[in-house]
**Q** 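Can you keep this structure in mind? I'll have questions shortly.
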Amino acid sequence: MSTHRKLTEKKIVLASHNAGKVRENAALLAEYGVEIISAKDLGLPVPDETETTFLGNATLKAVAAAKASGMVALADDSGFSVAALDGAPGVYTADWAEQPDGSRDYKTAMTKVEKLARHAPDRAAWFTCALVLAWPDGHTEGFEGKAMGEWIWPPRGERGFGYDPMFVPTGGAQTFSEMDPEEKHKISHRANAFAMLAEACLKD
Ligand code: IMP
């Protein structure tokens with residue numbers, strides 16, 4: 001018997017201010033008849049990501065949104081890891097793209113990864129996505145999905161975002177940025193994490 005708590009609410013908060021993530025997660029949840037409202041629409045504050053793990057940061061965001069809204073909240077945290085860099089940039093993936101003016105530039109971030117890892121023979125890399133559901137009573141359910149592969153240089157493709165142009169999933173020939181987005185979404189770290197969450201908390 002499952003020891004996971006089931007989601008019975010039909011409307012939850014998505015603890016993200018990122019429109020892309022809100023759209024992607026809304027589509028996944030819609031299949032289960034769950035509607036979402038974004039943290040931005042509710043005017044909820046954005047907590048600092050002070051934890052050192054993906055699950056830690058996703059939990060922190062979900063718990064803060066659940067407490068502030070009184071509703072069940074879903075949060076995610078994701079990033080890119082390189083084996084030769086001991087898993088960096090990892091939870092600091094977005095920080096590596098940060099520019100002095102506060103904007104994010106992924107070409108610069110990818111160049112930094114390549115510069116640090118270029119002499120290492122091990123090309124293994126992976127994306128991680130942690131998804132956490134938090135209830136207003138403090139209960140949480142967390143899941144972590146991965147997409148394993150290798151990093152390549154130079155970057156290729158125009159269809160993805162972030163570090164997609166330098167990542168080729170295991171068994172594939174195209175980067176995440178060259179692939180049809182539909183194909184990426186079938187095998188991505190986010191899809192894997194969501195499948196675990198759905199199995200544990202959404203299915204009867
Ligand atoms: P978050 O918003 O704190 O989860 O930061 C995620 C970071 O990881 C951002 O810098 C994203 O660009 C990067 N990232 C997460 N998922 C992906 C992906 O599927 N492709 C490329 N980059 C990703």
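Computed from a prediction, not measured in an experiment: that's the story for all the values here. No hydrogens, no waters, no symmetry mates; every other heavy atom, side chains included, goes into these values. As the structure lists them, so they are numbered: ligands from 1, and atoms in each ligand from 1.
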**Q** The criterion is salt bridge (Lys or Arg N to Asp or Glu O under 4.0 Å); which residues satisfy it with R156, sequence neighbours excluded?
**A** E178
**Q** When you measure from the side chain of S177 to the backbone N and O of G160, does any donor-acceptor pair fall under 3.5 Å?
**A**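 Such a contact is found between S177 side chain and G160 backbone.
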**Q** What does the list of residues with a heavy atom under 4.0 Å from ligand 1 look like, ordered by chain and number?
**A**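 The 4.0 Å shell around ligand 1 contains K21, E49, D77, S78, G79, T93, A94, Y106, F127, F161, G162, Y163, D164, K184, H189, R190.
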**Q** Within 45° of the axis and under 6.0 Å from the centre of the six-membered ring of W135, does NZ or CZ of R5 qualify?
**A** yes
**Q** Ignoring hydrogens and angles, tell me if any N or O in the side chain of S103 forms a donor-acceptor pair with the backbone of Q99 under 3.5 Å.
**A**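 A pair under 3.5 Å: no.
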**Q** Is M196 reachable from L29 through a run of hydrophobic residues whose side-chain heavy atoms are each under 4.5 Å from the next?
**A** yes
**Q** Keeping the roles fixed (side chain from K61, backbone from D76), state whether a donor-acceptor pair exists under 3.5 Å.
**A** yes
